[in-house]
Amino acid sequence: MWNTVLLENKEGIAILKINRPKALNALNAEVMSDLQDCLTKIAADAFIDVVIITGEGDRSFVAGADIGQMQPLNAEEGAAWGRLGQKVMTMIENLPQPVIAAVNGFALGGGNEMAIACDMRIASEKAKFGQPEVGLGITPGFGGTQRLPRLIGPGRARYLLYTAEIIDAQKALEFGLVDMVVAPEALMETAMGVAKKMQKAGKFAVQQTKQCALRGVEAPLTTALEFEAQAFGLCFSTEAQKTNMQNFLNKNKK
Ligand code: HXC
């Protein structure tokens, strides 16, 4: 359906692959356009419970925005490209379904920004992370200056953002940039295992919990607690809440 993005639905778990392996899955205008289409489709698909994002091939998740395409841009075009990237990363972040980044190799620049727009990150031991933009004479532009400090704290984020240092998966784990590191051959199986755990839980409850976690970051605590109270209340109007709690009660009677 798309040239640069592959989408497969494995029993309710969508696997979205960035598919430009010859360019280490660098994000050019075509990938961005395909991604917008694909993410719109995923968001509206009631048969997708969890999304896993990964890169095609065994070398790279996403090696950043396409440098060849960016090099000739002027200031206005640069800002437009940055805004487009921010929009796509926010579409990933705002998907109703939980999103796992299965980081199979390089996650650099826009690639790291894509990984941190996901709900969680599982990395292959071969993965490499960084924000090399300052070395190219630009700032990170797809949300990295904002999402990275929120995720790993200002000190470590500024270290990565200002030095352009590339770190390995183990260091990324120490930094809190990834949540798990596994052998390359176990990456997709581990991501599927995590996805299945979420699938087993109540779908509405998981999606509401994601909304609370997302919106809470932006809001003062009292407002965020009110989001939580509303989401909690809404769950009591679902079949899943009644059935799952009754099942627990029945089990305990035996
Ligand atoms: C375009 C890229 C690319 C990129 C790799 N390629 N990264 N093309 N944009 N970001 C292409 C190479 O040109 C090459 O194409 C092929 O992929 C293989 O890459 P090599 O460099 O030959 O591989 P290797 O020597 O193994 O080095 C891997 C690498 C290196 C360390 C990942 O490719 C690299 O440093 N890439 C750039 C990483 C980066 O700086 N990313 C941040 C970009 S800025 P050919 O045709 O020669 O085989 C960014 C900003 C986001 O993301 C915000 C914008 C607003």
Side-chain angles (χ1 to χ4, degrees), residues 2-6 16-36 39 53-94 101-118 121 123-152 156-172 175 177-178 184 187:
W2 302 285
N3 267 336
T4 64
V5 167
L6 305 172
L16 190 173
K17 278 189 181 170
I18 310 301
N19 182 35
R20 267 191 94 204
K22 284 189 183 146
L24 300 182
N25 300 322
L27 305 171
N28 64 6
E30 189 183 4
V31 183
M32 292 311 219
S33 167
D34 285 352
L35 264 175
Q36 285 180 85
L39 292 165
I53 300 183
T54 192
E56 176 64 11
D58 60 2
R59 292 204 60 211
S60 186
F61 176 73
V62 168
D66 191 295
I67 298 170
Q69 196 176 287
M70 284 189 293
Q71 197 277 340
L73 300 183
N74 63 30
E76 200 181 327
E77 292 162 341
W81 175 239
R83 288 204 177 90
L84 175 65
Q86 288 183 346
K87 179 181 169 194
V88 172
M89 301 312 152
T90 301
M91 284 175 83
I92 292 173
E93 186 172 63
N94 285 342
V103 184
N104 54 314
F106 294 113
L108 303 177
N112 193 53
E113 289 168 312
M114 182 178 287
I116 64 177
C118 298
R121 286 142 294 283
S124 145
E125 286 162 351
K126 279 177 26 186
K128 298 256 190 296
F129 298 83
Q131 297 287 162
E133 286 93 336
V134 290
L136 294 165
I138 57 172
T139 63
F142 291 175
T145 63
Q146 303 310 309
R147 287 197 180 94
L148 196 59
R150 284 166 167 80
L151 182 68
I152 66 172
R156 285 172 166 180
R158 287 177 198 189
Y159 179 83
L160 292 175
L161 293 164
Y162 301 169
T163 64
E165 186 175 312
I166 308 294
I167 59 171
D168 64 17
Q170 205 51 46
K171 187 88 174 171
F175 270 28
L177 177 52
V178 303
L187 179 65

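First listed ligand is number 1; within each ligand, the first listed atom is number 1.
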> atom 1 (C) of ligand 1: which protein heavy atom is closest, and how many Å away?
Replying inline: Ile67 N, 3.5 Å
> Nearest to atom 34 (C) of ligand 1, what protein heavy atom do you find, and at what distance?
Replying inline: Leu108 CD1, 4.8 Å
> Does the protein place any heavy atom closer than 4.0 Å to atom 21 (O) of ligand 1?
Replying inline: no
>> Under 4.0 Å from a heavy atom of Asp66: which atoms of ligand 1 are those, numbered in the order shown and with their elements?
In response: 1 (C), 9 (N)
> Do you see a protein non-hydrogen atom under 4.0 Å from atom 54 (C) of ligand 1?
Replying inline: yes
> Would you say atom 45 (P) of ligand 1 has a protein heavy atom nearer than 4.0 Å?
Replying inline: no
> Which atoms of ligand 1 have any heavy atom of Phe142 under 4.0 Å away?
Replying inline: 53 (C), 54 (C), 55 (C)
> Quick one: nearest non-hydrogen protein atom to atom 23 (O) of ligand 1, plus distance?
Replying inline: Arg59 NH1, 3.8 Å
> Does Ser124 use its side chain to pair, donor to acceptor, with the backbone of Lys126 at less than 3.5 Å?
Replying inline: yes
> Considering distance alone, does some N or O of Ala26 sit under 3.5 Å from an N or O of ligand 1?
Replying inline: no
> For the side chain of Gln146 and the backbone of Gly143, is there at least one donor-acceptor N/O pair under 3.5 Å apart?
Replying inline: no
> Do we see a donor-acceptor contact under 3.5 Å between the side chains of Glu56 and Asn25?
Replying inline: no
> Is the closest heavy atom of Lys22 to ligand 1 under 4.0 Å?
Replying inline: yes
>> Checking the N or O distance criterion of under 3.5 Å, is ligand 1 in contact with Gly68?
In response: no
> Who are the salt bridge (Lys or Arg N to Asp or Glu O under 4.0 Å) partners of Glu93, not counting sequence neighbours?
Replying inline: Arg147
> Between CH2 of Trp2 and CG of Asn19, what distance do you get to the nearest 0.5 Å?
Replying inline: 12.0 Å
>> Which residue and atom name correspond to the protein heavy atom nearest atom 36 (N) of ligand 1, and how close is it?
In response: Ala63 O, 4.5 Å
>> Whether the side chain of Thr54 engages the backbone of Ala102 through a donor-acceptor N/O pair (distance < 3.5 Å, no angle test) should be reported.
In response: yes
>> Which residue is it: Val103, Ile166, Leu108? I am looking for the one with a side chain to side chain contact (heavy atoms under 4.5 Å, CB included) to Phe129.
In response: Val103
> In Å and rounded to the nearest 0.5 Å, what is the CG to CD distance from Leu136 to Gln131?
Replying inline: 11.5 Å
> So, Arg20 side chain and Thr4 main chain: donor-acceptor pair closer than 3.5 Å or not?
Replying inline: no
> CG of Leu160 to CD1 of Ile167: how many Å apart, nearest 0.5 Å?
Replying inline: 5.0 Å
>> When you measure from the heavy atoms of Met70 to every atom of ligand 1, does any distance fall below 4.0 Å?
In response: yes
>> Quick check on atom 13 (O) of ligand 1 - does any protein heavy atom sit closer than 4.0 Å to it?
In response: no
> Is there a protein heavy atom at a distance of less than 4.0 Å from atom 9 (N) of ligand 1?
Replying inline: yes
>> Looking at Thr163 and Tyr159, would you say the former's side chain and the latter's main chain have a donor-acceptor pair under 3.5 Å?
In response: yes
> Would Ala23 count as a contact of ligand 1 if the rule is a heavy atom under 4.0 Å away?
Replying inline: yes
>> How far is atom 19 (O) of ligand 1 from the closest protein heavy atom, and which atom is that?
In response: Leu24 CD1, 3.5 Å
>> With heavy-atom distances below 4.0 Å as the criterion, list the atoms of ligand 1 near Leu136.
In response: 40 (O), 43 (C), 44 (S)
>> So if I apply the side chain to side chain contact (heavy atoms under 4.5 Å, CB included) rule between Phe142 and each of Lys87, Met89, Arg83, which one comes out positive?
In response: Met89
> What atoms of ligand 1 come closer than 4.0 angstrom to any heavy atom of Pro132?
Replying inline: 39 (C), 40 (O), 41 (N), 42 (C)
> Would a 4.0 Å cut-off, counted as strictly less than, catch a protein heavy atom around atom 40 (O) of ligand 1?
Replying inline: yes
>> Is there a polar contact between ligand 1 and Gly110, counting only N or O atoms under 3.5 Å apart?
In response: yes
>> For atom 49 (C) of ligand 1, what's the nearest protein heavy-atom neighbour? Residue, atom name and distance, please.
In response: Ala65 N, 3.5 Å
> Is there a donor-acceptor pair closer than 3.5 Å between any side-chain N or O of Asn104 and the backbone N or O of Gly55?
Replying inline: yes
